[in-house]
Engineer: 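Take this structure first; my questions come after.
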Amino acid sequence: NDEIRLINGTSRCCGRVEIQHKGQWGTVCDDNWDMDDAEVVCRQMGCGRAVSAHHSAHFGQGSDPTWLDDVGCNGTENYLTQCSHPGFGVEDCGHGEDAGVVCSNVLQSPTFTQISPHSAVSPGEAVQFRCTSHNSTCISASFRLYRNGQSIKTQTAESSTTFNLTVESSHQGLYQYSCDYSCQGSRSITSPRSSSIDITVVNLPAPRISLSHTKEATWGEKVDITCSVETQFTGGSFTLIQSTGSFRETKSGTSVIFSLPKVDFVHAGSYYCQYQTSVSSRDFRSPQSSFYRGSIESILSSCITAWFGNCTASDRKSLQRVVRTAEKIISVSLPTVMDIYTTRCIRKATSIVKPALICEKHKEPVADLPILVFCGKCQSSSTMLTSNDEIRLINSTSRCCGRVEIQHNGQWGTVCDDDWDMDDAEVVCRQMGCGRAVSAPQSARFGQGSDPIWLDDVGCRGTENYLTQCSHRGFREHNCGHGEDAGVVCFSKLSNHTKEATWGEKVDITCSVETQFTGGSFTLTQRSGSFRETKSGTSVTFSLPKVDFVHAGSYYCQYQTRVSSRDFRSPQSSSVQFSVVVNLPAPRISLSHTKEATWGEKVDITCSVETQFTGGSFTLTQRSGSFRETKSGTSVIFSLPQVDFVHAGSYYCQYQTSVSSRDFRSPQSSSVQFSVVVNLLQPNIYLITPEGRFHQQIQGSEVTRGYSFSVICSTTPQYPGGFFHLKFSGFKTRTQSAVNHSATFFFPEADYVHQGNYSCVYEVALSSRTFSSPPTELLEVTVKAVCH
């Protein structure tokens with residue numbers, strides 16, 4: 001089949017169509033050119049699906065010849081020349097009609113950058129990202145921004161767009177942002193997702209504050225004030241501030257105690273605390289805690305219950321005057337009556353009693369404090385410094401579902417269900433840290449409690465942090481029995497899983513809900529994939545026995561059940577997300593030698609790895625040299641048969657394998673290192689006299705004056721060739737090539753000048769380097785005279 005190519009575009013998968021026929025490249029005319037023809041071109045090029053079929057020399061005019069015209073493909077052919085056409089060179093076109101194609105593989109992952117300066121932000125701040133494609137000359141793009149894998153914004157641009165976001169007040173913790181883009185041609189295609197950018201949202205909650213005393217503090221005794229906050233952003237500190245005085249102190253921690261060792265009158269008053277911490281080199285502050293100004297609001301609400309039975313404007317004004325007078329007495333700013341106490345008219349007041357307000361000096365000399373009398377109850381201002389009452393949900397399957405009980409004055413009691421609704425339940429769930437409210441059951445759905453009944457006619461707006469901040473008749477003011485005990489069911493939740501799962505392992509996702517409406521089922525759904533499964537029960541586990549890459553992504557669950565022949569569904573749970581990874585361990589590497597290898601000998605380097613992902617290969621690489629070799633297996637030996645100096649240095653190995661058509665590489669192993677050395681042995685030296693006798697003794701070898709003698713140098717065979725240098729009294733005198741690893745130095749006539757110490761040194765050149773042996777031991781030669 002004739003070859004084909006796409007040229008003059010941004011990649012090999014985008015451009016003017018040209019085919020090679022009889023050794024010559026030529027163009028294709030655009031008569032009847034459509035998506036079926038383009039589909040065949042993309043298939044033949046191995047470039048995926050066709051995106052668009054271009055006419056009128058969209059990618060520029062080619063040159064003669066025009067090989068094909070009136071091409072008619074049905075879209076299933078493997079080669080363009082298999083489609084119908086009049087014949088090669090049969091055409092009535094000019095190069096202004098040259099056909100073009102854009103294929104889907106032209107898309108690359110976009111470049112994703114953060115423009116705004118901070119990686120840690122707080123609600124209300126602006127965050128900016130830029131997403132840039134690399135294919136602007138082919139097609140325009142529709143860009144999408146993702147947060148934690150979910151698309152949150154779409155913008156259309158040619159090649160680059162900027163996303164502007166404002167951090168929402170509900171956001172908290174780490175968010176991962178990424179982008180992709182879709183190219184709009186005759187067929188829409190989407191690029192791979194970009195790399196992600198992490199943004200941390202620091203949304204600090206208002207701290208809690210509590211006091212070690214509930215009544216008067218005696219002058220000179222110790223008072224502790226505790227500040228605490230539940231936050232993932234630890235490492236910060238609290239500052240405790242006296243609202244109407246000079247006290248201010250800072251301590252580190254998320255739960256700290258500020259101590260006033262010996263309280264004086266200057267310490268009396270209102271306190272609040274604030275938490276501050278640093279995240280990614282930025283400083284953040286929480287809202288101020290509530291003021292420690294006592295339970296004056298609870299005392300007032302008791303009076304309001306009796307006094308505001310008719311909810312008249314005149315009564316509200318009267319009570320407002322009472323509150324303002326109380327503020328002056330105790331030097332504490334109180335919320336307005338309109339904001340707190342009149343959101344709901346109290347319908348069950350049994351009597352109309354106007355409160356009396358009396359201000360007088362305490363009769364005891366120690367505590368010179370004002371006294372407030374509301375509804376006939378005498379309370380000093382110091383007793384108003386009490387913490388919010390505790391709360392619990394009991395008589396059910398978990399702490400987030402059950403009968404509502406509060407602890408007041410050290411005693412647990414129930415709440416009446418008169419006017420009990422979802423706003424009230426919302427506050428209970430918030431105070432319990434149990435998420436959102438699902439239902440507000442009445443009529444002792446979770447069983448009857450025991451006395452006392454602390455609250456009745458509770459009227460929450462749904463925004464309060466504590467149930468006792470809501471309007472009510474007053475503690476123990478009620479007309480209920482325990483058959484009217486109120487209950488609450490808080491939101492369902494999805495169990496967490498780690499963010500990464502290894503390919504092939506088992507992943508379990510558990511969905512559970514706390515509800516009285518049993519007999520239903522859960523559906524687990526993958527947000528961006530095809531997984532969807534349903535199981536019966538109020539706590540079920542969905543198993544993915546061997547996760548693959550298609551299982552990665554975000555999941556949520558939803559509970560559905562049938563009550564009185566009607567079907568009901570819960571809200572969707574929050575999401576859990578995991579990615580599927582192939583974690584290859586770092587390989588092990590070992591050397592057959594110690595750190596030195598002798599020139600010319602064999603060196604083996606072994607690479608091995610313990611992994612379930614077999615079928616891969618190792619690559620051994622020399623860090624500072626050119627050696628690089630690959631072998632298949634999970635334990636392989638790389639051999640260097642005859643090491644030279646170029647082999648010396650540091651080596652590491654890396655394991656690579658393919659899993660589900662994706663390639664993965666392990667981390668690099670640690671390094672092994674060796675040097676290549678040449679260690680020459682010490683040569684031998686001896687003397688030969690004319691009689692043919694060998695004189696191998698080092699000391700006292702004698703020769704006769706006037707006769708010849710020879711000094712022979714030899715060495716154990718290590719390397720071929722080389723030279724021997726003969727030294728006389730420490731000076732090199734003669735050099736000869738080594739023959740069979742020895743050399744003979746001949747002296748034809750001995751004289752006294754030849755008397756002295758001889759030694760020899762062996763020298764050899766290897767890989768352009770010269771090496772010398774240690775010198776032999778000294779051969780002492782004595783010349784003796786001839787006696788006639």
Engineer: Without swapping roles, check the side chain of D424 against the backbone of C460 for a donor-acceptor pair under 3.5 Å.
Structural biologist: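 Confirmed, D424 side chain pairs with C460 backbone.
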Engineer: Assess whether atom CD of E230 is packed by more than 12 heavy atoms of other residues, nucleotides or ligands within 6.0 Å.
Structural biologist: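 Atom CD in E230 is not crowded, with 12 or fewer foreign heavy atoms closer than 6.0 Å.
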Engineer: Can C131 and L145 be said to form a side-chain contact (heavy atoms from CB on, under 4.5 Å), step by step?
Structural biologist: CA-CA 8 Å; C131 189; L145 179 67; over 6 Å; no
Engineer: Mind running side-chain contact (heavy atoms from CB on, under 4.5 Å) on F247 and L260 for me, showing each step along the way?
Structural biologist: CA-CA 10 Å; F247 183 90; L260 305 174; 3.4 Å; yes
Engineer: Without swapping roles, check the side chain of T166 against the backbone of A126 for a donor-acceptor pair under 3.5 Å.
Structural biologist: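 Absent.
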Engineer: Is a side-chain N or O of Q155 found less than 3.5 angstrom from the main chain of T162, in a donor-acceptor match?
Structural biologist: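 Flag set: sc Q155 to bb T162 pair under 3.5 Å.
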Engineer: For residues A157 and T161, report the shortest heavy-atom separation together with the two atoms involved.
Structural biologist: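 Closest heavy-atom pair between A157 and T161: CB-CB, 4.0 Å.
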Engineer: Atom CG of D456 and atom CG of D418: how far apart are they, to the nearest 0.5 Å?
Structural biologist: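 Answer for the CG-CG pair, D456 versus D418, is 4.5 Å.
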Engineer: Any chance the side chains of S196 and S178 put a donor and an acceptor closer than 3.5 Å?
Structural biologist: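 Looking only at side-chain atoms, S178 and S196 do not form any donor-acceptor pair under 3.5 Å.
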Engineer: Angle class for the F475/H408 ring planes (parallel below 30°, perpendicular above 60°, tilted otherwise)?
Structural biologist: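 Plane angle under 30°, so parallel.
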Engineer: Give me the ring orientation class for F578 and Y555: parallel if the planes are under 30° apart, tilted from 30 to 60°, perpendicular past 60°.
Structural biologist: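 If you compare the ring of F578 with that of Y555, the planes turn out parallel.
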Engineer: To the nearest 0.5 angstrom, please state how far the CG atom of D283 sits from the OG atom of S122.
Structural biologist: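 Nearest 0.5 Å value for the CG-OG distance: 11.5 Å.
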Engineer: Ignoring hydrogens, what is the shortest heavy-atom contact between G235 and T277? Give both atom names and the distance.
Structural biologist: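 Closest approach of G235 to T277, heavy atoms only: C-OG1, 4.0 Å.
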Engineer: Are L393 and C401 close enough, and set up right, to give a side-chain contact (heavy atoms from CB on, under 4.5 Å), and what steps lead you there?
Structural biologist: CA-CA 6 Å; L393 297 174; C401 174; 5.6 Å; no
Engineer: Distance from L455 atom CG to L467 atom CG, nearest 0.5 Å?
Structural biologist: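 Here the rounded value is 6.0 Å.
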Engineer: Please check this pair: side chain of D423 against backbone of G459, looking for a donor-acceptor N/O pair closer than 3.5 Å.
Structural biologist: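 No: the side chain of D423 does not pair with the backbone of G459.
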Engineer: Is there a side-chain contact between T154 and S142 in this structure, where contact means two heavy atoms from C-beta onward sitting under 4.5 Å apart?
Structural biologist: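 Contact flag for T154/S142 side chains = yes.
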Engineer: Specify the closest pair of heavy atoms between V121 and R282, including all atoms of both residues, with the distance to one decimal.
Structural biologist: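 Smallest interatomic distance, heavy atoms only, reads CA-NH1, 3.8 Å.
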Engineer: Using atom types as modelled and distance alone, determine if a side-chain donor or acceptor of Q172 lies under 3.5 Å from a backbone N or O of N203.
Structural biologist: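 Side chain of Q172 to backbone of N203: a pair is present.
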Engineer: For the backbone of S210 and the side chain of T226, can you confirm whether one donor and one acceptor N or O come within less than 3.5 Å of each other?
Structural biologist: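 It does not hold such a pair.
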Engineer: Do H267 and V223 come within less than 4.5 Å of each other through their side chains, counting heavy atoms only?
Structural biologist: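 No. Closest side-chain heavy atoms not under 4.5 Å.
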Engineer: Do I199 and F129 touch side chain to side chain, with heavy atoms closer than 4.5 Å?
Structural biologist: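 Yes - at least one pair of side-chain heavy atoms lies under 4.5 Å apart.
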Engineer: Can you find a side-chain donor-acceptor pair between S133 and S159 that sits under 3.5 Å?
Structural biologist: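 S159 and S133 do not have a side-chain donor-acceptor pair below 3.5 Å.
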Engineer: Can you give me the closest heavy-atom contact between Y272 and S243, atom names plus distance?
Structural biologist: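 Minimum heavy-atom contact is CD2-OG, 3.5 Å.
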Engineer: Using side chain to side chain donor-acceptor pair (under 3.5 Å), reason through S109 and S194 one step at a time and then give a plain yes or no.
Structural biologist: CA-CA 5 Å; S109 178; S194 71; 5.6 Å; no
Engineer: Kindly say whether G462 contributes a backbone atom to a donor-acceptor pair with the side chain of R430 at under 3.5 angstrom?
Structural biologist: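 Flag set: sc R430 to bb G462 pair under 3.5 Å.
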Engineer: Are the gamma sulfurs of C434 and C400 separated by less than 2.5 Å?
Structural biologist: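 Taking the criterion (SG atoms under 2.5 Å apart), C400 and C434 satisfy it, so yes.
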Engineer: Is any side-chain N of the basic residue among E390 and R392 closer than 4.0 Å to the acidic one's carboxylate O?
Structural biologist: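 No, no charged N to carboxylate O under 4.0 Å.
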Engineer: Taking ring-ring contact (aromatic ring centres under 6.0 Å, His included) as the definition, give me every residue that meets it alongside F284, ordered by chain and number, with sequence neighbours left out.
Structural biologist: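 Counting only residues at least two positions away or on another chain, F284 forms no ring-ring contact (aromatic ring centres under 6.0 Å, His included).
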Engineer: Is the side chain of W420 donor-acceptor paired with the backbone N or O of G487 at a distance under 3.5 Å, no angle test?
Structural biologist: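 Side chain of W420 to backbone of G487: a pair is present.
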Engineer: Does some side-chain heavy atom of M432 sit less than 4.5 Å from a side-chain heavy atom of C490?
Structural biologist: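 No, every pair of side-chain atoms sits at 4.5 Å or beyond.
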Engineer: Let me see the working for S160 and R130 under side-chain contact (heavy atoms from CB on, under 4.5 Å), right down to the final yes or no.
Structural biologist: CA-CA 7 Å; S160 181; R130 178 172 290 120; 3.4 Å; yes
Engineer: State whether the side chain of T231 and the backbone N or O of F233 hold a donor-acceptor pair below 3.5 Å, judged by distance alone.
Structural biologist: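 Side chain of T231 to backbone of F233: a pair is present.
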Engineer: Minimum heavy-atom separation for V201 to H171, with atom names?
Structural biologist: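 Closest pair (atom of V201, atom of H171, distance): CG1-O, 3.4 Å.
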Engineer: Please examine the side chains of W454 and V404, heavy atoms only from C-beta on, and report whether any two atoms are closer than 4.5 Å.
Structural biologist: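 Answer no - side chains too far apart.
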Engineer: Can you find a side-chain donor-acceptor pair between Q114 and S116 that sits under 3.5 Å?
Structural biologist: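 Yes - a donor-acceptor pair under 3.5 Å links their side chains.
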Engineer: Quick one, F522 and I509 - any side-chain contact, counting heavy atoms below 4.5 Å?
Structural biologist: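 Not in contact.
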Engineer: Are C511 and F542 packed together at the side-chain level, in the sense that at least one heavy-atom pair is separated by less than 4.5 angstrom?
Structural biologist: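 Yes, at least one pair of side-chain atoms sits under 4.5 Å.
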Engineer: Taking Y275 for its side chain and G236 for its backbone only, find out whether a donor-acceptor pair lies under 3.5 Å.
Structural biologist: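 Yes, Y275 side chain to G236 backbone: donor-acceptor pair under 3.5 Å.
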Engineer: Sequence neighbours excluded, which residues qualify as side-chain contact (heavy atoms from CB on, under 4.5 Å) partners of R285?
Structural biologist: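 With neighbours one apart ignored, the set is Q274, Q276.
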Engineer: What are the two closest non-hydrogen atoms of A440 and A425, and how far apart are they?
Structural biologist: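 Shortest heavy-atom separation between A440 and A425 comes out as CB-CB, 3.8 Å.
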Engineer: Atom OG1 in T468, atom CD1 in I406: separation rounded to 0.5 Å?
Structural biologist: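 Rounded to the nearest 0.5 Å, the OG1-CD1 separation comes to 6.5 Å.
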Engineer: Is the shortest side-chain heavy-atom distance between L204 and V229 below 4.5 Å?
Structural biologist: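 When only atoms from C-beta onward are counted, V229 and L204 do not touch, as no gap falls below 4.5 Å.
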Engineer: Rounded to the nearest 0.5 Å, how far apart are CZ of R403 and CD1 of I394?
Structural biologist: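 Here the interatomic distance stands at 4.0 Å.
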Engineer: To the nearest 0.5 Å, what is the distance between CD on E249 and OG on S237?
Structural biologist: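 It comes to 11.5 Å.
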Engineer: Between T200, D198, N148, which is the residue that forms a side chain to side chain contact (heavy atoms under 4.5 Å, CB included) with Y175?
Structural biologist: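 Passing option: N148.
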